Trainee: 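Input: one structure, supplied below.
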Amino acid sequence: MFTSSLFAQYQKGFNCFIALLTTYKLEIIFMLKEAGQYDAKSLEQNIHKFWDEIDAYSKVREQRIKGPKFFFVDGPPYTTGRIHLGTAWNKIIKDSILRYRSMKGFNVLDRAGWDMHGLPIEVKVEGVLGFKSKKDIEKYGVENFVAKCKEFALSHRDEMTLQFQNLGVWLNWHDPYMTLRDEYIEAAWWTLKKAHEKKLLEKGLRVVNWCPRCETAIADSEVEYSEVSDPSVYIKFPVVGQENTFIVIWTTTPWTIPANIAVAVHPSFEYVKVRAVKNGKEEFLIVAQELLKNVLKQGRYQEHEILETILGEDLKIAYKAPLGHKVPKQNEFSHNVYLADFVTAENTGCVHIAPGHGIDDFELGMKHKLPIFCPVGPDGKYTEEAGQYKGMNVKEANKTIINDLTESGLMLASGKITHRYGNCWRCKTPIIYLATEQWFLRITDIKDKMLDEIKKVKWYPDWAGSARFADWVKGSRDWCISRQRYWGIPIPVWVCDFCGEVEVMGTMEELKSRSGVKELTDLHRPYVDNIHIKCSKCEQRMSRVPDVFDVWFDSAVASWATLNYPRDEKTIKEWWPADFITEGHDQTRGWFYSQMGASMVSFGKAPYKSVLMHGFTLDTEGKKMSKSLGNVVSPDEVINKLGAESLRLYVLSQNAPWDDLKFGWDEVGTVNRMLNILWNVYRFPLPYMILDNFNPVDVNEKLDSLPLRLEDKWILSRVQSLIKKVEVSMSEYNLHKATRPISEFILEDLSRWYIQLIRPRTWREANDPDKLAAYYTLYEVLVALTKVMAPFAPHISEEMYGNLVRNIHPDALQSVHMCNWQPAKEKFIDTELEKRMDIIREIVEASSNARQKLKRKLRWPVKRIVVSSKNEIVNEAVLSLESVLKEQTNAKKIVSLKTGETWDQLGVEVLPNHAALGPAFKKDAGKVIAELKTADGRAIKKSMLETGSFELKAGVITADMVTFKDLIPPAIASAVFSAGEVYVDTELTREIEAEGYSREVIRRIQDMRKELDLAVEEEIKATVEIKDDRVAVLVFEKKDFIAQEVRARSLEIGPEVEVEGDLVKDWDVEDVKMRIGIGR
RNA sequence: GGGCCCGUAGCUUAGCCAGGUGGAGCGCUCGGCUGAUAACCGAGAGGUCUUGCGUUCAAAUCGCAACGGGCCCA
C-alpha cells in the first residue's frame, strides 16, 4: 500500500517516483484508483494537459520513425473566422485515421496546413479599414495593407489551432505549413517555372468572371449564385438587304448590346420568317419555329403569317448593329449569323453574341476570328470605345440602353425576370464577364494524362474518382491563375519592357542573382514589385507582371511545399507522393483538382495515392448551414455541452463518411450517454478491485490458469472479434463501420450483459478464483477496449489506460497512443460460444416478455422455465450455459425439451373441422363436436400422428376432421424467440413466495438506506411489521438471509412488531401492508 | 439545363453491390431493477421502404422516368 509520504512523492511526478522505486526496491506499489462520475469536459482538459506535459504527439511520432512511411497532406483550411462543424468533422476523420495508422506502426508525416492568402482576407481587412475600392488600398500603401492581411491571417491561425486542439486532433501543430512563408512561395514559383519550361504557361485574352468592385478576375469557385431580378428584353436586329426584316434575340444583359458582334443559331433548328402585324403595322421577323408563339405573344402581335421555313445551317444573313448610332466603333464591324450547338430552344432561338462578355461568345468569336470587342474597363464602366456610353456603370446603363433601343423602334418586348446570377462571394457585387489579358495554365493540353492518373489513384468511395472527379476533369478548361490583387503569392513572371520576352523566377536565390538585389526578406508584394532583371535575349530591362496567383494555386502545391521542396531536395525523394488525403466533396473541383493539375505540370503524375471524399454537414432539415439561415451549430457549442469525445464519435459513426451528415443534438446526446455507460462500466469494478488488492500485472498467465467461466470466455471472444471487425472496416476507411460495433460492444455485450452476469461474483468477499477470473477477464477486456477505441475516442481511452495500465505497470508506455495496435488474439475467439450466448440472451428476453404477460416481477423466482427448440444449437446453448440462464431469468429450474418435442404440460385443444365432420356424421355431427370439447386432446393428437384416426364414443374421426391448438395452463406464459419458444411457469410455492416477499422487503430497506445516505458497509437495526400473518411467517423464515443482504445487526419481523428507527415508512407490497423502520 | 450522391417508422439510420418474411437507436406508452443509481434494463405501439412504370415466379434491393434534398458545374 501507499504510505502517505510516498503518495506525496507520487503527486510530484512520475519520474521522481520511478527513482524512489529503484532506490527502495519496492514492488507492487502501483495500484488502481477509483473514478468519479463521467465529466467529459474536465477529463478532456486534463488529457490535453497531460499530452502537453509529456509532449505526447512528438513522442508518438518519434517512436515510429523506423516504421513504413505514411505521408498525409492536410487540406489547408482558410484562416478566416472560426471553424465550423464541417471543418471539425474533416479534422476528426483525419485524426482518427492517422492515429490508427500510427498504432499500426506507420511513420506518419502530417504537417497541419494553413491557406492564408487571397481575396477573402483582403475583403475582411478592407472592411476593417473601411475601404471601398482598390484606390483606397493604393492610397493606404500596399506595404501597410499586406502587413495587415498577414496579421489577420496569423492571428486567425492561432485561434483555429486552439479549436482543433480542443477536438483532440493531433497533427503537427508546432511546425505547420503556411502559404505565406517564403519557402512555400518558392514552391509555387518553382511550379510555375516548370509550367513555363513545358510550355504550359500562357498569357492570353480570355473572358473571365470579373468583380468590378474588387477589380480583379475571380475564379469560378469564387462566384456565388443568388436569385436576382434582371431585365428580360427581346431585341430586333435589322437584317441587311431585307426591308423591314429583323432577327430577334433575347437577353438579360442589355449592357452587353454595345459589344454585340454576332448572332448564333442552332444548325439543326427550324427557323421561320414570319409576317407579323401589330396595330395595323406589319413587319417581318426571323425566329425559331418552335418559339414563334412565344415571340408573338411577347411582342403583342395580333396576327401573323409564316412566309418561309429555313434550317438553321442555311440561315446566312447579315444585320446592322442595333446601337451603331450611339457606339460609332460598332459600324466598323460586320455583323453576321453563325452556327453554334450551345443555342437552346428557349426565348427566340437566336442568341446575341458579345465575344468580350461571355464565355461561349468568346469561344465562338475565336473560332470565327471575330473581334473580341470589350468596351468596358476593370471598374465596370464603359470606356472610350463605347461612344456615348463612356463612363457609365454598365449595370446602371441597362435602363439607358433599353430606352435607346425603344426609341429606335428595335425593342420587341421589355420586362423583368428573376433568375440566378453570379456574385462575388466576398463582396456580393454582381459579377460581369470581361475579356481581359490573363495568365493561364494549359490544362486542356494535359487533360488526357490527368484522366489516366485518376485511374491510378485509389478513391474512397470508388465513384468519387471514377464518376465525379473524372467527369469534372473532362469538362475542365484552361486554368486562369492570375489575379489583379495584393495579398497573394506574386506571380514570378518577368516580361521584357522592350522585346516582350517572358522569364519565370523559380526561387528567391534565382531572383537575387538575376537582379543583383542583395537584401530580400519577403517575397510578397510590394517587395518584389520593383525588382528588375536583365532580359537574357535583348539585355533590356524586364519587369514583373503586377498580378498575384489565384489562391487555389497556393494550396495546389501543398504536397511538395509541405516537404519544403524545392529548398529541400532530399525529403521529397523519401516521401512524395502523398499516401492519403481526405476532404469534402466540394473539393472535387477544388483541392483534388488543383493539386492534380499542378502536379501534372510539375511531375507528370498524381500527387496522391489515395483519397477519401467525405460529405458535408447539414442542419436537422438537411439544409446547408449558413449564417444567413441562422442554423449554424459551432463545434465549440457541442464541446461545451457534451464534450469533444461525443462529437468525435458522433460524426464518425452517424453516417458513411461520404454521405452528408444531418446534425442532430439528440444523436450527439445518445453518443454521450454511451460514453457515460462505458465510464460506468469502467469504474464499477474499481472499488472492489481496490478493496481486494487486485493487481493485474500477471493478467496473461492468470487468464490461462484461472478457472474461467463460459461467460468470461465469451466476452474475451467478443472483444477479439470486435478488433477484427474494426480492422476490416478501417482497411476501407469505413469509419462508421469501425465505430458502430465499438458502441454496440460497449452497450450490448459489456454493459447489458457481462457486467450484469459478473455482479454477484464481485460482491463475494472471499478471495476465490471464480471472482478473480471475473476481475482478470474484465481487466483484459477493458484494456483491449482502450486500444481499439484510441484512434476514435482518444481522451477517454487515454484516461482509462492511465489508470488500468500506467498505474499498474511501472514500465508501461506513457500513452495509449504509443501502444501498438493489438491484433486479435485468435486463441480467445470462439464463434460457437458467441452464437450460443446469443441464443441465451434471446431466451432471457423472451422469458422476461412472458413474465410481463402475467405481471410477474423478475424479483420473484419462477418455478421453472421450459425451452422448446427448433434446432440442436438451442439445446447445446441451454445445456452449456444453464447457470447463466437460470440466474438471469431467476428460475428455480430450466427444462430443455428435445428438438421438435412439445411440452407435456401443455394441453391440446381440439378444433372440429365442420366442413369434414358434417358430411361424415350427418346428424351425429353435433354429438361428435360436443365430445371433442371434453375429450383428451393430447391422446387424440398422439393417435392422429401415429394412426391417422381416433375412436370417439360417437364414432371414428380421421385426421382431416380436426386441427389442434396448444393450450397453455393459466400460471404459464409463453413467448417465442428466433429458434424456439419459452414457457415460464409462475406457479407459486411456499418457498417462492417466501423468497419473493423477502426480496420485496430487502429492496425497500435498501431504498431506505439510500434515503438515509448510509455508507455501503454501514450496519443497521431494522424492524418490519407485517400485518398479514401468513406473509409475516413467510418473511420471518428468511430472516437471516434478509439481515445479511441489508447488513442488519438486528432484525425484527412479525405482525406485532414495534417499528422504530431514524426512518420509518409504510409500504404496500402486492396489497400487503408493511411498516419498516431502520436506524443506525 | 448537366454530372455525382442521397431519399427506409415522428427523428437519425441498417439492409441495396451478390433480388426471396425490413433490423436498430432516439422519442413515445407500459413495465422492471435499485450494491453502475441525477444511472441501468425489458416490452409494446409505430413502416404504401418518395412516386410511377418496367424486368422477374419474386423488387426496399436491378433498370427507366418523375419528384424532393445535397455538392459541383452551366
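This structure is a prediction, so every number in the text was calculated from the model and none was measured. Lettering follows sequence order; numbering is per chain, from 1.
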Trainee: Can you measure A/Arg740 atom CZ to B/rG15 atom P for me and round it to whole angstrom units?
Mentor: 7 Å
Trainee: Here's a test of your reading of the structure: between A/Asp360 and A/Ala467, which maps to the more 5' nucleotide of RNA chain B?
Mentor: A/Ala467
Trainee: For B/rA43, what is the paired nucleotide under Watson-Crick or G-U wobble rules, both distances under 3.5 Å?
Mentor: B/rU29
Trainee: Just checking, is any N or O donor in the side chain of A/Asn655 or A/His614 under 3.5 Å from an acceptor N or O on the other one?
Mentor: no
Trainee: Using whole Å, report how far NZ of A/Lys737 lies from C1' of B/rG15.
Mentor: 10 Å
Trainee: Taking any strand in view, what nucleotide pairs with B/rG63 in a Watson-Crick or G-U wobble way, both distances under 3.5 Å?
Mentor: B/rC53
Trainee: Could you tell me how far apart A/Asp586 (CG) and B/rC72 (P) are, to the nearest whole angstrom?
Mentor: 6 Å
Trainee: Taking atom types as modelled and ignoring hydrogens, do the side chains of A/Thr253 and A/His357 form a donor-acceptor contact shorter than 3.5 angstrom?
Mentor: no
Trainee: From CG of A/Leu750 over to P of B/rA39, roughly how many Å is that when rounded to an integer?
Mentor: 20 Å
Trainee: Identify whether any heavy atom of A/Ile755 sits under 4.0 Å from a base atom; if not, whether one sits that close to sugar-phosphate; answer base, sugar-phosphate or nothing.
Mentor: base
Trainee: Around atom CD of A/Glu290, are there more than 12 heavy atoms from other residues, nucleotides or ligands closer than 6.0 Å?
Mentor: no
Trainee: Using a heavy-atom cut-off of under 4.0 Å over every strand shown, decide if A/Thr670 touches base, sugar-phosphate, or nothing.
Mentor: sugar-phosphate
Trainee: Can you tell me the Watson-Crick or wobble partner of B/rC4, both distances under 3.5 angstrom?
Mentor: B/rG70
Trainee: Counting only Watson-Crick or G-U wobble pairs whose two distances fall under 3.5 Å, which nucleotide matches B/rA36?
Mentor: none
Trainee: What does B/rA58 pair with, Watson-Crick or G-U, if both distances are under 3.5 Å?
Mentor: none
Trainee: In Watson-Crick or G-U wobble terms, both distances under 3.5 Å, what is the partner of B/rA9?
Mentor: none
